[in-house]
Amino acid sequence: MSKAHYNEETGLFHEEHHREELAKVNFTQSVMEYYKTYDERDTLVNALRDEIKDIPTIWIPYGTFMHDGRIFVYSSGWDEEEEFYFMLIDLSLAAYMVGFIPDGAQEDKVEDQADQVLH
């Protein structure tokens, strides 16, 4: 088992995780606060590996996935020469469904919607 090392320049925690292949993972502070032990973070890393294993690319600049009822934002890639995954995992602290209006928020009603284009 490895221990997370804090990098003051990036503000991220670095740790290595092994399964069939090595993963060099950087975690944000918010992930470290919720997943305090190596085993908890290892479960998170393996959940992300399972999520991305069937995506036909070696580089994912931005993605999201659900684990333990939480939404995570990540970037990931595969280093073919060294044969390891590199990952950056961040915990999304706020997410809203499209069209959802949170409690206490005011809905902006537009009187004339004839010229609007919806995408």
Side-chain angles (χ1 to χ4, degrees):
M1 282 191 241
S2 122
K3 293 189 176 182
H5 301 283
Y6 182 71
N7 182 325
E8 289 187 26
E9 289 181 25
T10 63
L12 300 171
F13 293 84
H14 179 77
E15 196 167 57
E16 293 186 355
H17 290 261
H18 301 271
R19 193 158 87 177
E20 289 123 23
E21 62 282 315
L22 173 66
K24 295 182 179 183
V25 186
N26 289 308
F27 300 102
T28 60
Q29 179 69 37
S30 59
V31 173
M32 297 298 287
E33 289 172 4
Y34 280 96
Y35 296 89
K36 297 184 186 298
T37 69
Y38 176 86
D39 290 337
E40 291 172 328
R41 291 186 299 275
D42 194 51
T43 302
L44 175 63
V45 169
N46 289 332
L48 178 55
R49 287 185 213 227
D50 292 341
E51 183 83 15
I52 65 175
K53 70 180 179 185
D54 296 328
I55 299 174
T57 186
I58 60 169
W59 171 242
I60 304 169
Y62 179 86
T64 60
F65 77 105
M66 295 280 298
H67 179 71
D68 287 341
R70 294 183 174 98
I71 298 174
F72 292 86
V73 178
Y74 72 92
S75 64
S76 178
W78 173 253
D79 185 319
E80 289 190 29
E81 287 183 20
E82 301 289 327
E83 295 189 349
F84 70 87
Y85 280 108
F86 51 92
M87 300 175 178
L88 170 61
I89 302 175
D90 189 11
L91 178 60
S92 175
L93 298 177
Y96 298 100
M97 290 186 292
V98 173
F100 175 74
I101 301 172
D103 290 338
Q106 298 272 335
E107 181 179 5
D108 291 334
K109 294 184 179 182
V110 178
E111 296 291 327
D112 183 16
Q113 297 181 355
D115 294 332
Q116 292 186 355
V117 177
L118 300 177
H119 297 278

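Just so you know, these numbers use all the heavy atoms, side chains as well, and skip hydrogens, waters and symmetry mates. Treat the numbers as computed from the prediction; the structure is a model and nothing was measured.
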Under 4.5 Å between side-chain heavy atoms, counting indirect links through other Ile/Leu/Val/Met/Phe/Trp/Tyr residues: same cluster for [X] and [Y] or not?
X	Y	value
Leu88	Phe72	no
Ile55	Ile89	yes
Tyr62	Val25	no
Ile58	Leu22	no

Atom pairs and distances, donor-acceptor, side-chain atoms in residues 29-36, under 3.5 Å, two or more places apart:
unit_1	atom_1	unit_2	atom_2	d
Gln29	NE2	Glu33	OE2	3.4
Ser30	OG	Thr28	OG1	3.1
Ser30	OG	Asp90	OD1	3.2
Tyr35	OH	Asp68	OD2	3.1
Tyr35	OH	Arg70	NH1	3.4
Lys36	NZ	Glu33	O	3.0

Over all atoms of both residues, closest heavy-atom pair of [X] and [Y]:
X	Y	answer
Ala4	Phe13	CB-CB, 4.2 Å
Ser75	Pro61	CB-O, 3.2 Å
Tyr6	Gly11	OH-CA, 3.5 Å

Note, [X] side chain near [Y] side chain (heavy atom, < 4.5 Å):
X	Y	result
Met87	Ile52	yes
His67	Leu44	yes
Tyr74	Leu48	yes

Using atom types as modelled and distance alone, determine if a side-chain donor or acceptor of Arg41 lies under 3.5 Å from a backbone N or O of His17.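 No; judged by distance alone, with no hydrogens or angles, the pair does not exist.
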Polar side-chain atom of His14 near backbone of Leu12 as donor-acceptor pair, under 3.5 Å: no
What's the separation between atom [atom1] in [X] and atom [atom2] in [Y], rounded to the nearest 0.5 Å?
X	Y	atom1	atom2	result
Tyr38	Glu16	OH	CD	8.5 Å
Glu82	Lys24	CD	NZ	6.5 Å
Phe86	Trp78	CZ	CH2	10.5 Å

